[in-house]
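Predicted, not measured: the structure shown is a model, and the values here were computed from it. So you know, we letter chains A, B, ... as the sequences are listed, proteins then strands, and number each from 1. Atoms considered below: every heavy atom in the structure, side chains included; atoms not considered: hydrogens, waters and symmetry mates.
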There are 2 protein chains.
Amino acid sequence: MLSSPEYIEKLRKSGLRPTRQRIKICEVLFDTDKTFHFTISDLAQMIENKANVKISLATIYNTIHSFEKKGYLKEIAVNSSQTYFDTNTTHHHHFYDEGNKELFDINNSEIDRIKINKDIPGKKIKSVEVLVKVENK
Amino acid sequence: MLSSPEYIEKLRKSGLRPTRQRIKICEVLFDTDKTFHFTISDLAQMIENKANVKISLATIYNTIHSFEKKGYLKEIAVNSSQTYFDTNTTHHHHFYDEGNKELFDINNSEIDRIKINKDIPGKKIKSVEVLVKVENK
DNA sequence: TATCTACTTTATAAGTATTCTAAAGTAGTA
DNA sequence: TACTACTTTAGAATACTTATAAAGTAGATA
């Protein structure tokens, strides 16, 4: 939970110019104790609701991708027509409800550590993601 | 590894009319001991190469979706612009190389059983999928 | 075998998410 | 204030997927 001057600092430190648009997106994404999941269109909607500024879709895409590159966001591997992002960048996993397309965190205490007894020559593991699909009982 | 008459039987049993197109797609997908991963465009390419028939994209999409519904294929949750399918319908997981967009199976003996100590009220688990992203060493 | 009907295929249009383009705008610096 | 490199923007372009509706075909029936 940071204030504008702190986002400005954070952006500058990452080598990103603190533009009006980037600061607004920071506020929408990070001005809360709770982390959350979103798609680009969710975010566009949130900005439209919350903000008095209008940010073009292209800028939203650009910003989200640079935030992801800087490690402020994580992309979640959900097989769907839309890409999901997570403001929780710690190592954790997800429940996915295909019905209402909702994601829920599974944090590390709620799942056993995953050990993989196989490797591919010349490759190293970059990430391990578990997606638990759920449906109505 | 089945022959045409067997695919005809298989399709008929599933309530799918054994059309020329569906039989050809069966041949391309299932005429091998090895299972494999593919995207729709991979499959379209394979059909073009292997076959003397021309099958429209719409039919390929329709057929793959009905095969998936019947349980002859599984969709793989890979975060990407394309949907991946697997002719291996047994329970297993995947390595994914984002560089060359290649998938590799991790079979059950190569990974510990995953136990999730959390549940969402009113929901039950449908599937558990592990995606291990790899990169060059 | 001829006919009928429901299911399929097809080309193409439409839809949706995302990226590209290049012109206008802006932050940081001198 | 002026300059330059970085950003934003609208809209075009692209890519994947689904919808449409007309023509074709499988299986059943007579």
Of the listed nucleotides [options], the one nearest the side chain of [X]:
{"X": "B:Arg22", "options": "C:dT9, D:dT9, C:dT18", "value": "C:dT9"}
{"X": "B:Tyr61", "options": "D:dC16, D:dT9, C:dA27", "value": "D:dC16"}
{"X": "B:Ile40", "options": "D:dT9, D:dT17, D:dG27", "value": "D:dT17"}

Does [X] have a side-chain nitrogen or oxygen under 4.0 Å from the phosphate oxygens OP1 or OP2 of [N]?
{"X": "B:His65", "N": "D:dT18", "value": "yes"}
{"X": "B:Thr59", "N": "C:dT10", "value": "yes"}
{"X": "A:Gln21", "N": "D:dT9", "value": "yes"}
{"X": "B:Thr19", "N": "C:dT9", "value": "yes"}
{"X": "B:Arg17", "N": "C:dA6", "value": "no"}

Quiz item: Given the rule in the salt bridge (charged side-chain N to carboxylate O under 4.0 Å, His left out) test, do B:Lys126 and A:Glu98 qualify, once you have shown the distances and angles that lead to the verdict?
Solution: CA-CA 10 Å; B:Lys126 200 172 154 190; A:Glu98 281 178 317; 2.7 Å; yes
Could you give the [atom1]-to-[atom2] distance, from [X] to [N], as a whole number of Å?
{"X": "B:Phe67", "N": "C:dT8", "atom1": "CZ", "atom2": "C1'", "result": "13 Å"}
{"X": "B:Leu43", "N": "D:dT17", "atom1": "CG", "atom2": "P", "result": "12 Å"}
{"X": "A:Arg20", "N": "C:dG25", "atom1": "CZ", "atom2": "C1'", "result": "10 Å"}

Exercise. Identify the two heavy atoms, one from B:Arg12 and one from B:Pro18, that lie closest to each other, and give their separation to 0.1 Å.
Key: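 Reported closest heavy-atom pair: NH2-CG, 3.9 Å.
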Quiz item: Do you know the tightest heavy-atom contact between B:Gly71 and B:Thr89?
Solution: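 Residues B:Gly71 and B:Thr89, closest heavy atoms: O-CG2, 3.5 Å.
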Self-check item: Residues A:Lys74, A:Glu68: salt bridge by 4.0 Å N-O rule
Solution: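 Looking at A:Lys74 and A:Glu68, the cut-off is not met.
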Practice problem: Return the 5'-most residue of the pair B:Ser81, B:Ala58 with respect to DNA chain D, ranking by each residue's nearest nucleotide. | Solution: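 By nearest-heavy-atom nucleotide position, the 5'-most residue is B:Ser81.
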